[in-house]
Amino acid sequence: MRYIKGSTNSRMDTKYIFITGGVASSLGKGIISASLGKLLQARGFRITIQKFDPYINIDPGTLNPYEHGECYVTADGMETDLDLGHYERFTGIETTRDNSVTTGRIYQSVIERERRGDYLGKTIQVVPHITDEIKRRMLLNATKQPLDFVISEIGGTIGDIESQPFLEAIRELRWELGPQRAINVHLTYVPYLAAAGELKTKPTQTSVKQLQGLGIQPEILVLRTEHTLSDELRQKVAHFCNVDVAAVIQSQDLPSIYEVPVNMQQQGLDTILLNKLGIENCPKPELGPWCNFLSRRKSATKEIRIALVGKYDLQDAYKSIIESLAHAGTYNDRKVKAVFVNSEHITQDNIAEKLNGMAGVVICPGFGKRGIDGKIMAAAYTRTHNIPTFGICLGMQMMVIEFARNVLGYKDANSCEMDAKTPHNVIDLMEEQKSITQMGGTMRLGSYDCELVEGSKTWKAYDKDSLIKERHRHRYEFNNAYQEAFAAKGMKCVGINPAANLVEIVEIPSLRWYIGTQFHPEYSSTVLHPHPLFMSFVKACINGTTEA
Ligand code: GLN
């Protein structure tokens with residue numbers, strides 16, 4: 001098939017790329033999927049990337065971040081795996097609830113159908129009923145919009161018991177669609193044995209054999225490695241795995257995940273894939289703005305430190321915030337070092353030391369009581385020391401509580417989440433939440449409008465846009481009964497959701513940068529479009545540092 005931009009493109013049948021992983025988890029399948037998506041998008045193809053998670057939860061919304069890292073939220077209000085954040089940050093294309101599927105959702109649909117009587121008395125089985133539903137979901141996105149490529153990442157590793165129905169669905173789809181429309185890219189790990197001084201290919205061979213045993217022959221292998229792979233080693237892998245040597249790609253550790261697309265392109269990942277799918281003569285990827293970002297990132301060597309005050313002692317819990325700071329840092333010509341400060345360990349005695357040298361502070365989102373005293377202390381410290389502070393969701397709520405206690409004098413001010421009976425419920429359960437009993441998927445989720453108060457710092461940060469849209473994930477909310485009392489003492493509500501009159505943003509205009517948002521701006525910062533609030537926050541942090 002010959003690809004001619006703008007003509008053949010629209011007539012091309014959708015192609016399906018399945019990304020699987022073997023040997024170990026955490027090899028970066030999400031980054032490889034996002035990078036491949038980026039490279040195809042950069043050639044003018046219409047793409048989407050979706051994630052299939054074999055766990056039984058309906059979505060990760062009810063999962064503790066220690067289990068699965070951050071819960072990412074799509075604009076249409078789906079709580080999803082954090083890999084969807086990578087897909088959006090790399091491609092700038094919004095994902096939807098159709099891009100995130102778990103075993104739980106698959107079974108839920110099948111069981112609902114069974115209860116309705118749709119199966120007309122048949123016995124419901126993993127094959128074909130569960131696998132058919134997986135296949136339906138794999139094809140679904142392309143039935144709703146014209147797409148050239150659908151990239152499906154399968155979570156976990158291929159040996160997992162719970163992955164089996166997904167692999168069977170891939171096997172069947174490859175057979176049904178044919179080799180020119182469906183392709184498997186398998187990611188494995190090549191360990192380095194220091195004692196032997198050698199890189200070992202056996203786990204990769206075993207993993208591919210396992211895949212072959214399930215009826216799937218991978219066309220492309222991406223080998224994750226900490227050391228450069230020799231040609232000889234790649235030939236060996238090719239020989240044992242029935243894969244062309246050119247299709248054995250290495251994914252070596254790089255200084256930044258954003259270098260992966262370029263690295264994959266240099267090794268010809270996208271060209272090989274297009275050849276295998278029979279697509280010829282397509283335009284070269286246009287990665288100009290992406291490369292500009294990379295070179296700007298490289299030359300931004302001056303470091304500023306920004307504290308992340310939160311309770312989850314693991315990087316992945318605040319993934320999107322860290323990435324948003326990194327984007328804004330690059331476009332402000334700085335390297336942002338996000339320093340985790342565990343709010344559970346903050347005391348009045350050590351706060352000055354803990355925040356020493358920080359150009360700014362992010363008070364992080366979260367749920368429940370644990371660690372909130374430290375967040376409130378941090379909000380007080382930064383307010384009284386005029387340190388740029390960005391409160392996000394629970395972080396914003398903690399700024400409000402701190403202000404109520406220490407400026408308005410309501411010593412018992414609290415959120416009803418922490419103290420249901422507080423007489424000063426400055427943060428209250430939203431009206432619509434009061435009748436809700438189910439935990440999963442019932443928060444105020446996804447994109448909502450927010451009107452900005454003209455002249456406010458936030459309005460200026462958004463380049464004087466008066467109506468913005470941001471994504472949410474919360475049950476509690478600023479109590480409007482207190483708006484006037486707060487305003488009189490200097491904390492203003494400067495962003496309101498017009499439909500429900502909910503406070504979305506508070507700020508203290510007399511301080512350098514002290515802004516709290518009920519929404520999560522971090523979900524919509526991308527490599528090519530850094531988020532305006534993060535841009536303005538990082539700028540304020542830089543202006544406050546005395547640099548040599
Ligand atoms: N726990 C708070 C609420 O439900 C904040 C949620 C969050 O930080 N995402 O409103």
Side-chain angles (χ1 to χ4, degrees), residues 59-75 77-82 84-85 308-312 314 316-322 324 343-344 361-376 378-379 389-402 404 413-420 422 425-448 450 470-480 482 493 495 497 500 502-506 515-524 533:
D59 60 49
T62 50
L63 285 174
N64 187 320
Y66 287 118
E67 296 278 317
H68 218 258
E70 165 189 281
C71 174
Y72 186 77
V73 180
T74 59
M78 181 80 193
E79 295 173 288
T80 75
D81 185 78
L82 57 74
L84 272 81
L308 297 189
V309 176
K311 69 174 169 181
Y312 298 113
L314 95 161
D316 273 359
Y318 305 113
K319 192 86 203 158
S320 294
I321 295 178
I322 295 172
S324 303
S343 59
E344 281 192 279
V361 173
V362 177
I363 307 184
C364 292
F367 295 84
K369 270 191 191 153
R370 188 165 65 84
I372 62 157
D373 292 340
K375 286 186 175 175
I376 295 172
T389 309
F390 197 170
I392 300 178
C393 207
L394 185 70
M396 169 265 200
Q397 297 175 354
M398 294 304 118
M399 282 172 149
V400 168
I401 292 169
E402 187 281 318
N414 217 329
S415 160
C416 288
E417 181 179 2
M418 318 304 164
D419 176 3
T422 174
N425 52 343
V426 289
I427 303 293
D428 201 6
L429 187 62
M430 277 180 283
E431 211 39 55
E432 66 196 45
Q433 290 285 325
K434 291 188 178 157
S435 55
I436 287 174
T437 49
Q438 297 260 43
M439 290 297 280
T442 55
M443 280 186 255
R444 179 171 180 247
L445 292 166
S447 252
Y448 286 93
C450 171
E470 293 283 1
R471 302 184 203 182
H472 298 71
R473 182 173 186 244
H474 65 122
R475 291 186 203 282
Y476 296 85
E477 177 59 40
F478 185 97
N479 183 343
N480 274 328
Y482 290 94
C493 298
N497 168 255
L502 295 175
V503 172
E504 303 280 26
I505 310 168
V506 296
I515 296 176
T517 62
Q518 186 56 77
F519 52 76
H520 292 263
E522 72 274 22
Y523 293 146
S524 48
L533 271 183

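Nothing fancy with the numbering, it's 1 onward along the sequence. Side chains are part of it too, since the values below use all heavy atoms of this structure and drop only hydrogens, waters and symmetry mates. Order of appearance sets the numbers: ligands from 1, and atoms from 1 within every ligand.
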Donor-acceptor pair, distance only, cut-off 3.5 Å: does the side chain of [X] make one with the backbone of [Y]?
| X | Y | value |
| --- | --- | --- |
| E417 | G368 | yes |
| E70 | S320 | yes |
| T422 | D419 | no |
| T80 | Y72 | yes |

(message) Give me the residue, atom name and distance of the protein heavy atom closest to atom 10 (O) of ligand 1.
(response)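 Sorting protein heavy atoms by distance from atom 10 (O) of ligand 1 puts Y476 N, 2.9 Å first.
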(message) Just to confirm my output: which protein heavy-atom neighbour is closest to atom 4 (O) of ligand 1, and how far is it?
(response) R475 N, 3.0 Å
(message) Just to be sure I'm reading this right: ignoring hydrogens, which of P365, G366, G310 gets closest to atom 5 (C) of ligand 1? Compare them by their nearest heavy atoms.
(response)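 It is G366 whose heavy atom sits nearest to atom 5 (C) of ligand 1.
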(request) Would you mind telling me which of E79, H520, Q518 makes a side-chain hydrogen bond (donor to acceptor under 3.5 Å, both in side chains) with R473? (result) E79
(message) My understanding is that only one of R475, E477, H474 makes a side-chain hydrogen bond (donor to acceptor under 3.5 Å, both in side chains) with Q433; could you say which?
(response) R475
Heavy-atom contacts with [X] under 4.0 Å: which atoms of ligand 1 show up? List them by number with element.
| X | result |
| --- | --- |
| L394 | 5 (C), 7 (C), 8 (O) |
| R473 | 6 (C), 7 (C), 9 (N) |
| C393 | 5 (C), 6 (C), 7 (C), 8 (O), 9 (N) |
| E417 | 1 (N), 2 (C), 3 (C) |

(message) Is there a polar contact between ligand 1 and H474, counting only N or O atoms under 3.5 Å apart?
(response)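 Checking ligand 1 against H474, no N or O pair falls under 3.5 Å apart.
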(message) Does any N or O of ligand 1 fall below 3.5 Å from an N or O anywhere on Q518, backbone included?
(response) no
(request) Kindly assign one of parallel, tilted or perpendicular to the pair Y312 and Y318, based on the angle between their ring planes and the thresholds 30° and 60°. (result) tilted
(request) Flag the pair R471 and E504 as a salt bridge only when some basic side-chain nitrogen lies within less than 4.0 angstrom of an acidic carboxylate oxygen. (result) no
(message) Under 4.0 Å, counting heavy atoms only: does M443 come that close to any atom of ligand 1?
(response) no
(request) Answer yes or no for H520: is there a heavy-atom contact with ligand 1 below 4.0 Å? (result)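 H520: in contact with ligand 1 (<4.0 Å).
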